[in-house]
Amino acid sequence: MRITTSMIMRNYRTSLNATMVDLERTRKQVETGRRFSEAYEDPASAAKGAILEQRFARNADYLNSAQNAQTWLDSQEDVLNQLNTIAVTVHEDYAPSAITDTSGASGRKAYASTLREMQKSMIHALNTKYGDSYVMAGSDGKNPPFSLDDDGNVLYRGVNVTTGDPTKLNKYANDTTYIDLGFGLTIDGTGTVSPSSALDTALPGISAVGYGETDGISNNLMVLMGNMADLLEEDTFDAEQFEKCWMRFADKADELQDQFTKIGAKGKLLTSTISKLETEKENIEKQYKDTMGIDAAKAITDYSYANYVYNAALKVGTSILTPSLLDFMK
(Lines give C-alpha, C1' and ligand atoms only; values in the text may rest on other atoms or scores of the structure.)
Protein backbone atom coordinates (compact mmCIF):
# COMPACT_ATOMS: atom_id res chain seq x y z
CA MET A 1 0.00 0.00 0.00
CA ARG A 2 1.37 3.35 -1.03
CA ILE A 3 1.27 5.99 1.71
CA THR A 4 1.44 9.48 0.36
CA THR A 5 2.23 12.74 2.09
CA SER A 6 -1.40 13.83 1.52
CA MET A 7 -2.62 10.80 3.44
CA ILE A 8 -0.22 11.58 6.27
CA MET A 9 -1.32 15.22 6.35
CA ARG A 10 -4.99 14.23 6.31
CA ASN A 11 -4.55 11.78 9.19
CA TYR A 12 -2.47 14.31 11.04
CA ARG A 13 -5.14 17.01 10.75
CA THR A 14 -7.79 14.57 11.97
CA SER A 15 -5.68 13.59 14.97
CA LEU A 16 -4.76 17.21 15.70
CA ASN A 17 -8.43 18.20 15.63
CA ALA A 18 -9.27 15.38 18.08
CA THR A 19 -6.44 16.59 20.33
CA MET A 20 -7.81 20.15 20.21
CA VAL A 21 -11.31 18.91 21.10
CA ASP A 22 -9.92 17.01 24.08
CA LEU A 23 -7.94 20.07 25.16
CA GLU A 24 -11.04 22.26 24.98
CA ARG A 25 -13.07 19.69 26.94
CA THR A 26 -10.54 19.52 29.77
CA ARG A 27 -10.20 23.32 29.79
CA LYS A 28 -13.95 23.70 30.32
CA GLN A 29 -13.83 21.13 33.11
CA VAL A 30 -11.18 23.19 34.92
CA GLU A 31 -13.09 26.46 34.41
CA THR A 32 -16.58 25.21 35.33
CA GLY A 33 -15.78 22.38 37.72
CA ARG A 34 -18.27 20.20 35.83
CA ARG A 35 -17.63 16.84 34.21
CA PHE A 36 -19.57 17.75 31.08
CA SER A 37 -21.00 20.79 29.35
CA GLU A 38 -23.82 19.30 27.28
CA ALA A 39 -26.67 17.10 28.51
CA TYR A 40 -26.11 14.48 25.80
CA GLU A 41 -22.70 13.69 27.27
CA ASP A 42 -24.37 12.22 30.40
CA PRO A 43 -28.19 12.37 30.15
CA ALA A 44 -28.86 10.71 33.52
CA SER A 45 -26.57 13.05 35.46
CA ALA A 46 -27.84 16.05 33.52
CA ALA A 47 -31.45 15.23 34.44
CA LYS A 48 -30.57 14.81 38.12
CA GLY A 49 -28.52 18.00 38.00
CA ALA A 50 -31.50 19.96 36.61
CA ILE A 51 -33.65 18.77 39.52
CA LEU A 52 -30.96 19.77 42.01
CA GLU A 53 -30.65 23.21 40.38
CA GLN A 54 -34.40 23.75 40.86
CA ARG A 55 -34.17 22.64 44.49
CA PHE A 56 -31.21 24.96 45.05
CA ALA A 57 -33.05 27.95 43.55
CA ARG A 58 -36.16 27.21 45.63
CA ASN A 59 -34.04 26.83 48.77
CA ALA A 60 -32.34 30.16 48.04
CA ASP A 61 -35.74 31.86 47.77
CA TYR A 62 -36.92 30.38 51.07
CA LEU A 63 -33.66 31.28 52.80
CA ASN A 64 -33.78 34.86 51.53
CA SER A 65 -37.42 35.19 52.65
CA ALA A 66 -36.61 33.77 56.09
CA GLN A 67 -33.66 36.15 56.58
CA ASN A 68 -35.77 39.14 55.51
CA ALA A 69 -38.55 38.00 57.83
CA GLN A 70 -36.07 37.79 60.70
CA THR A 71 -35.02 41.39 60.12
CA TRP A 72 -38.69 42.36 59.85
CA LEU A 73 -39.44 40.75 63.21
CA ASP A 74 -36.39 42.45 64.72
CA SER A 75 -37.85 45.80 63.61
CA GLN A 76 -41.20 44.91 65.19
CA GLU A 77 -39.47 43.93 68.41
CA ASP A 78 -37.61 47.25 68.45
CA VAL A 79 -40.96 49.04 68.20
CA LEU A 80 -42.38 46.96 71.07
CA ASN A 81 -39.34 47.84 73.17
CA GLN A 82 -39.93 51.55 72.55
CA LEU A 83 -43.62 51.21 73.40
CA ASN A 84 -42.84 49.27 76.55
CA THR A 85 -40.31 51.85 77.70
CA ILE A 86 -42.86 54.62 77.28
CA ALA A 87 -45.63 52.59 78.96
CA VAL A 88 -43.46 51.73 81.96
CA THR A 89 -42.37 55.36 82.33
CA VAL A 90 -45.98 56.61 82.26
CA HIS A 91 -47.27 53.90 84.60
CA GLU A 92 -44.51 53.95 87.17
CA ASP A 93 -43.36 57.56 87.05
CA TYR A 94 -45.52 60.24 85.45
CA ALA A 95 -49.00 58.99 86.41
CA PRO A 96 -48.33 58.53 90.16
CA SER A 97 -46.24 61.71 90.27
CA ALA A 98 -49.05 63.69 88.64
CA ILE A 99 -51.49 62.55 91.35
CA THR A 100 -49.18 63.30 94.26
CA ASP A 101 -47.67 66.51 92.89
CA THR A 102 -48.26 69.42 95.28
CA SER A 103 -47.59 72.27 92.85
CA GLY A 104 -51.25 72.45 91.80
CA ALA A 105 -52.65 73.22 88.35
CA SER A 106 -49.34 74.41 86.88
CA GLY A 107 -47.62 71.19 87.86
CA ARG A 108 -50.44 69.03 86.46
CA LYS A 109 -50.33 70.92 83.17
CA ALA A 110 -46.62 70.22 82.91
CA TYR A 111 -47.33 66.50 83.33
CA ALA A 112 -50.14 66.77 80.79
CA SER A 113 -47.79 68.32 78.25
CA THR A 114 -45.29 65.52 78.82
CA LEU A 115 -47.98 62.87 78.40
CA ARG A 116 -49.03 64.37 75.07
CA GLU A 117 -45.45 64.35 73.84
CA MET A 118 -45.05 60.73 74.90
CA GLN A 119 -48.31 59.93 73.12
CA LYS A 120 -46.83 61.37 69.92
CA SER A 121 -43.61 59.42 70.50
CA MET A 122 -45.63 56.22 70.76
CA ILE A 123 -47.39 57.01 67.47
CA HIS A 124 -44.06 57.74 65.77
CA ALA A 125 -42.73 54.41 67.01
CA LEU A 126 -45.80 52.58 65.71
CA ASN A 127 -45.27 54.20 62.30
CA THR A 128 -41.76 52.78 61.95
CA LYS A 129 -40.80 51.59 58.47
CA TYR A 130 -38.60 48.74 57.29
CA GLY A 131 -37.61 49.47 53.74
CA ASP A 132 -40.75 50.81 52.07
CA SER A 133 -43.24 49.14 54.44
CA TYR A 134 -44.65 50.01 57.86
CA VAL A 135 -43.89 47.14 60.21
CA MET A 136 -46.93 47.63 62.47
CA ALA A 137 -49.55 48.16 59.77
CA GLY A 138 -50.76 44.59 59.30
CA SER A 139 -51.40 43.80 55.64
CA ASP A 140 -51.46 47.47 54.59
CA GLY A 141 -47.75 48.16 54.83
CA LYS A 142 -47.73 51.01 52.33
CA ASN A 143 -49.59 53.55 54.48
CA PRO A 144 -48.78 54.82 57.98
CA PRO A 145 -51.12 52.94 60.35
CA PHE A 146 -51.58 55.49 63.14
CA SER A 147 -52.47 59.16 63.11
CA LEU A 148 -54.11 61.90 65.18
CA ASP A 149 -57.06 63.80 63.72
CA ASP A 150 -57.72 67.51 64.26
CA ASP A 151 -59.59 66.74 67.48
CA GLY A 152 -56.73 64.69 68.90
CA ASN A 153 -58.45 61.34 68.34
CA VAL A 154 -56.17 58.36 67.67
CA LEU A 155 -56.89 56.64 64.34
CA TYR A 156 -55.74 53.29 63.02
CA ARG A 157 -55.96 53.05 59.25
CA GLY A 158 -58.45 55.91 59.39
CA VAL A 159 -60.70 54.35 62.07
CA ASN A 160 -61.08 55.75 65.58
CA VAL A 161 -59.44 53.15 67.85
CA THR A 162 -61.97 53.67 70.64
CA THR A 163 -65.33 54.51 69.07
CA GLY A 164 -64.81 53.05 65.60
CA ASP A 165 -66.69 50.07 64.14
CA PRO A 166 -65.80 47.16 66.49
CA THR A 167 -66.07 44.62 63.65
CA LYS A 168 -63.60 46.51 61.51
CA LEU A 169 -61.23 47.12 64.42
CA ASN A 170 -61.31 43.44 65.37
CA LYS A 171 -60.58 42.50 61.76
CA TYR A 172 -57.61 44.87 61.67
CA ALA A 173 -56.31 43.52 64.99
CA ASN A 174 -56.31 39.97 63.61
CA ASP A 175 -54.81 40.89 60.24
CA THR A 176 -52.30 38.40 58.79
CA THR A 177 -49.49 38.43 56.25
CA TYR A 178 -48.17 34.97 55.41
CA ILE A 179 -44.90 34.09 53.70
CA ASP A 180 -43.97 30.69 52.31
CA LEU A 181 -40.87 29.21 53.93
CA GLY A 182 -41.20 25.68 52.61
CA PHE A 183 -43.60 24.35 55.25
CA GLY A 184 -45.91 23.03 52.55
CA LEU A 185 -48.09 26.07 51.84
CA THR A 186 -51.77 25.06 51.92
CA ILE A 187 -54.66 27.22 50.72
CA ASP A 188 -58.27 26.09 51.11
CA GLY A 189 -61.15 26.63 48.70
CA THR A 190 -61.89 30.09 50.13
CA GLY A 191 -58.34 31.27 49.55
CA THR A 192 -57.44 31.11 53.25
CA VAL A 193 -53.90 30.09 54.12
CA SER A 194 -53.49 27.32 56.67
CA PRO A 195 -51.61 28.94 59.62
CA SER A 196 -49.43 25.85 60.10
CA SER A 197 -48.23 25.89 56.48
CA ALA A 198 -46.70 29.40 56.43
CA LEU A 199 -45.29 32.09 58.73
CA ASP A 200 -47.46 35.05 59.71
CA THR A 201 -45.19 38.11 59.83
CA ALA A 202 -47.94 40.61 60.58
CA LEU A 203 -48.09 42.43 63.90
CA PRO A 204 -50.93 44.96 63.67
CA GLY A 205 -50.10 47.86 65.92
CA ILE A 206 -53.67 48.04 67.14
CA SER A 207 -53.36 44.57 68.66
CA ALA A 208 -50.30 45.76 70.61
CA VAL A 209 -51.70 49.01 72.03
CA GLY A 210 -55.37 47.98 72.33
CA TYR A 211 -58.69 49.18 70.88
CA GLY A 212 -62.33 49.65 71.80
CA GLU A 213 -63.58 50.61 75.26
CA THR A 214 -64.85 48.96 78.43
CA ASP A 215 -67.16 50.68 80.94
CA GLY A 216 -66.71 53.95 79.09
CA ILE A 217 -62.92 53.88 79.34
CA SER A 218 -60.72 53.35 76.30
CA ASN A 219 -58.58 50.25 75.94
CA ASN A 220 -55.94 52.02 73.86
CA LEU A 221 -52.70 53.09 75.53
CA MET A 222 -52.34 56.29 73.49
CA VAL A 223 -55.96 57.33 73.99
CA LEU A 224 -55.58 56.71 77.74
CA MET A 225 -52.50 58.96 77.77
CA GLY A 226 -54.52 61.66 76.04
CA ASN A 227 -57.42 61.20 78.49
CA MET A 228 -55.10 61.48 81.47
CA ALA A 229 -53.61 64.62 79.96
CA ASP A 230 -57.11 66.08 79.51
CA LEU A 231 -57.95 65.37 83.16
CA LEU A 232 -54.73 66.99 84.32
CA GLU A 233 -55.51 70.14 82.32
CA GLU A 234 -58.99 70.61 83.83
CA ASP A 235 -59.48 73.39 86.36
CA THR A 236 -60.92 70.89 88.81
CA PHE A 237 -58.82 67.76 88.87
CA ASP A 238 -60.86 64.54 88.94
CA ALA A 239 -58.42 62.26 90.74
CA GLU A 240 -60.84 59.34 90.81
CA GLN A 241 -61.36 59.32 87.06
CA PHE A 242 -57.63 59.82 86.53
CA GLU A 243 -56.90 56.77 88.67
CA LYS A 244 -59.38 54.68 86.66
CA CYS A 245 -57.59 55.65 83.45
CA TRP A 246 -54.27 54.93 85.09
CA MET A 247 -55.39 51.44 86.22
CA ARG A 248 -56.70 50.67 82.71
CA PHE A 249 -53.39 51.90 81.31
CA ALA A 250 -51.56 49.52 83.67
CA ASP A 251 -53.68 46.59 82.50
CA LYS A 252 -53.03 47.35 78.82
CA ALA A 253 -49.34 47.89 79.48
CA ASP A 254 -49.21 44.37 80.94
CA GLU A 255 -50.97 43.01 77.85
CA LEU A 256 -48.31 44.68 75.72
CA GLN A 257 -45.84 42.22 77.23
CA ASP A 258 -47.73 39.36 75.59
CA GLN A 259 -46.61 40.63 72.20
CA PHE A 260 -42.99 39.91 73.14
CA THR A 261 -43.94 36.28 73.68
CA LYS A 262 -45.49 36.08 70.22
CA ILE A 263 -42.49 37.74 68.60
CA GLY A 264 -40.15 35.43 70.51
CA ALA A 265 -41.99 32.32 69.33
CA LYS A 266 -41.83 33.47 65.72
CA GLY A 267 -38.16 34.34 66.14
CA LYS A 268 -37.33 30.84 67.40
CA LEU A 269 -39.23 29.31 64.50
CA LEU A 270 -37.33 31.49 62.04
CA THR A 271 -33.97 30.66 63.61
CA SER A 272 -34.61 26.92 63.34
CA THR A 273 -35.97 27.34 59.80
CA ILE A 274 -32.91 29.29 58.66
CA SER A 275 -30.63 26.66 60.20
CA LYS A 276 -32.58 23.90 58.41
CA LEU A 277 -32.47 25.75 55.08
CA GLU A 278 -28.74 26.38 55.37
CA THR A 279 -28.15 22.69 56.08
CA GLU A 280 -30.32 21.76 53.11
CA LYS A 281 -28.35 24.18 50.95
CA GLU A 282 -25.08 22.48 51.89
CA ASN A 283 -26.59 19.06 51.16
CA ILE A 284 -27.85 20.16 47.74
CA GLU A 285 -24.45 21.64 46.88
CA LYS A 286 -22.76 18.37 47.84
CA GLN A 287 -25.23 16.29 45.81
CA TYR A 288 -24.80 18.62 42.84
CA LYS A 289 -21.03 18.38 43.04
CA ASP A 290 -21.21 14.58 43.24
CA THR A 291 -23.57 14.48 40.26
CA MET A 292 -22.16 17.16 37.98
CA GLY A 293 -18.78 18.04 39.38
CA ILE A 294 -15.28 16.78 38.80
CA ASP A 295 -12.38 16.52 41.19
CA ALA A 296 -10.32 19.69 40.83
CA ALA A 297 -6.97 17.87 40.98
CA LYS A 298 -8.08 15.38 38.32
CA ALA A 299 -9.42 18.16 36.10
CA ILE A 300 -6.13 20.09 36.27
CA THR A 301 -4.11 16.91 35.66
CA ASP A 302 -6.24 15.99 32.63
CA TYR A 303 -5.93 19.50 31.25
CA SER A 304 -2.15 19.53 31.71
CA TYR A 305 -1.86 16.20 29.92
CA ALA A 306 -4.17 17.31 27.08
CA ASN A 307 -2.15 20.50 26.71
CA TYR A 308 1.09 18.47 26.62
CA VAL A 309 -0.35 16.16 23.93
CA TYR A 310 -1.55 19.13 21.87
CA ASN A 311 1.86 20.85 21.99
CA ALA A 312 3.58 17.58 21.09
CA ALA A 313 1.23 17.16 18.13
CA LEU A 314 2.12 20.64 16.91
CA LYS A 315 5.82 19.79 17.04
CA VAL A 316 5.22 16.54 15.16
CA GLY A 317 3.46 18.52 12.46
CA THR A 318 6.63 20.44 11.65
CA SER A 319 8.48 17.22 10.82
CA ILE A 320 5.97 15.78 8.37
CA LEU A 321 7.40 15.34 4.86
CA THR A 322 6.56 17.89 2.22
CA PRO A 323 4.68 16.66 -0.87
CA SER A 324 6.75 14.60 -3.32
CA LEU A 325 6.37 13.37 -6.92
CA LEU A 326 4.58 10.23 -5.73
CA ASP A 327 1.69 12.36 -4.44
CA PHE A 328 0.91 13.39 -8.03
CA MET A 329 1.22 9.94 -9.65
CA LYS A 330 -1.91 7.94 -10.42
Checklist entry - Which pair of heavy atoms, one from Ala208 and one from Met136, lies closest together, and at what distance? => result CB-CE, 4.4 Å
Next on the checklist: Any side-chain to backbone donor/acceptor pair from Ser45 onto Asp42? Under 3.5 Å, distance only.
Outcome noted: no
Next on the checklist: Within the structure provided, determine whether Tyr134 and Asp140 are in side-chain contact (heavy-atom separation under 4.5 Å).
Outcome noted: no
Next on the checklist: Donor-acceptor check, side chain of Ser147 to backbone of Pro145, threshold 3.5 angstrom: yes or no?
Outcome noted: no
Item to check | Common cluster, Met247/Met222, ILVMFWY with side-chain heavy-atom separation under 4.5 Å | outcome: yes
Checklist entry - Hey, is Glu233 close enough to Arg116 for a salt bridge, meaning N to O under 4.0 Å? => result yes
Checklist entry - Which atoms form the tightest heavy-atom contact between Thr201 and Ala69, and what is the distance? => result CG2-CB, 4.2 Å
Checklist outcome for this item: In this structure, CD1 of Ile284 is separated from CD of Glu282 (nearest 0.5 Å) by 11.0 Å
Item to check | Hphob cluster co-occupancy, Leu269 + Val193, side-chain heavy atoms under 4.5 angstrom | outcome: no
Checklist entry - Do Ser218 and Thr162 meet the criterion of a side-chain donor-acceptor pair at a distance under 3.5 Å? => result yes
Checklist entry - Say you draw a straight line from CE of Met228 to CD of Glu243; how long is it, rounded to the nearest 0.5 Å? => result 12.0 Å
Next on the checklist: Could you see if Ile51 belongs to whatever hydrophobic cluster contains Tyr62? Use Ile, Leu, Val, Met, Phe, Trp, Tyr and a side-chain cutoff under 4.5 Å.
Outcome noted: no
Checklist entry - Are the side chain of Thr85 and the backbone of Asn81 linked by a donor-acceptor contact shorter than 3.5 Å? => result yes
Checklist entry - Okay, side chain of Asn59, backbone of Arg55: is any donor-acceptor separation there less than 3.5 Å? => result no
Item to check | Same apolar cluster (I L V M F W Y, side chains within < 4.5 Å links), Val161/Leu80 | outcome: yes
Next on the checklist: Out of the candidates Arg248, Glu213, Glu255, only one should pair with Asn219 under the side chain to side chain donor-acceptor pair (under 3.5 Å) rule; please name it.
Outcome noted: Arg248
Item to check | Contact summary for Leu181 and Ser65, nearest pair of heavy atoms | outcome: CD2-CB, 3.8 Å
Next on the checklist: Keeping Ser133 on the side-chain end and Tyr130 on the backbone end, is there a donor-acceptor pair under 3.5 Å?
Outcome noted: no
Next on the checklist: Please confirm whether the ring centroid of Phe242 lies under 6.0 Å from the ring centroid of Phe237.
Outcome noted: yes
Checklist outcome for this item: So CG of Asn160 and CG of Asn153: to nearest 0.5 Å the spacing works out to 5.0 Å
Item to check | Side-chain (Ser207) to main-chain (Leu203) donor-acceptor, under 3.5 angstrom | outcome: no
Next on the checklist: Please determine whether the number of non-hydrogen atoms from other residues, nucleotides or ligands lying under 6.0 Å from atom CZ of Phe260 exceeds 12.
Outcome noted: yes
Next on the checklist: What's the separation between atom OG in Ser275 and atom CG in Leu270, rounded to the nearest 0.5 Å?
Outcome noted: 12.0 Å
Next on the checklist: Membership question, hydrophobic clusters at under 4.5 Å side-chain separation (ILVMFWY): are Tyr288 and Leu277 in the same one?
Outcome noted: no
Checklist entry - Looking only at heavy atoms, which two atoms of Leu115 and Ala229 are closest? And how far apart? => result CD1-N, 4.0 Å
Checklist entry - Taking all non-hydrogen atoms of both residues, which atom of Ala173 and which atom of Pro204 are closest, and how far apart? => result O-CG, 3.6 Å
Checklist entry - Met118 and Thr114: side-chain contact (heavy atoms from CB on, under 4.5 Å), yes or no, with the steps? => result CA-CA 6 Å; Met118 297 182 80; Thr114 301; 4.0 Å; yes
Item to check | Residues forming a side-chain contact (heavy atoms from CB on, under 4.5 Å) with Gln67, sequence neighbours excluded | outcome: Leu63, Ile274, Glu278
Item to check | Between OH on residue Tyr94 and CH2 on residue Trp246, distance to nearest 0.5 Å | outcome: 15.0 Å
Item to check | Stepwise salt bridge (Lys or Arg N to Asp or Glu O under 4.0 Å) check, Lys286 with Asp290 | outcome: CA-CA 6 Å; Lys286 183 178 183 303; Asp290 292 342; 3.2 Å; yes
Item to check | Arg157 and Asn143 side chains, donor-acceptor separation under 3.5 Å | outcome: no
Checklist entry - Under the side-chain contact (heavy atoms from CB on, under 4.5 Å) criterion, do Lys142 and Asp132 qualify, and how do the steps go? => result CA-CA 7 Å; Lys142 298 304 177 185; Asp132 295 328; 4.0 Å; yes
Item to check | Considering all heavy atoms, the nearest Leu126-Phe146 contact | outcome: CB-CD1, 3.6 Å
Next on the checklist: Test your reading of the model: is there a side-chain donor-acceptor pair from Asp200 to the backbone of Thr177, 3.5 Å cut-off?
Outcome noted: yes
Item to check | Ser197 side chain to Thr186 backbone, donor-acceptor under 3.5 Å | outcome: yes
Checklist entry - Salt bridge or not for Asp175 and Lys171, using N-O below 4.0 Å? => result no
Checklist entry - Is there a donor-acceptor pair under 3.5 Å between the side chain of Gln76 and the backbone N or O of Ala202? => result no
Next on the checklist: Between Lys129 (side chain only) and Val135 (backbone N and O only), is there a donor and an acceptor less than 3.5 Å apart?
Outcome noted: no
Item to check | Trace of the side-chain contact (heavy atoms from CB on, under 4.5 Å) decision for Tyr178 with Leu199 | outcome: CA-CA 5 Å; Tyr178 289 104; Leu199 177 69; 6.0 Å; no
Checklist entry - Would Thr14 and Asn17 count as a side-chain contact (heavy atoms from CB on, under 4.5 Å) if you check the C-alpha gap in whole Å, the side-chain angles of each, and the deciding distance to 0.1 Å? => result CA-CA 5 Å; Thr14 301; Asn17 184 64; 5.9 Å; no
Checklist entry - Are Tyr156 and Tyr211 near enough that their ring centres are under 6.0 Å apart? => result no
Next on the checklist: Measuring from atom CD1 of Ile86 to atom OG of Ser121, what distance do you get when rounded to the nearest 0.5 angstrom?
Outcome noted: 5.0 Å
Item to check | Heavy-atom side-chain proximity of Asp215 to Lys244 below 4.5 angstrom | outcome: no
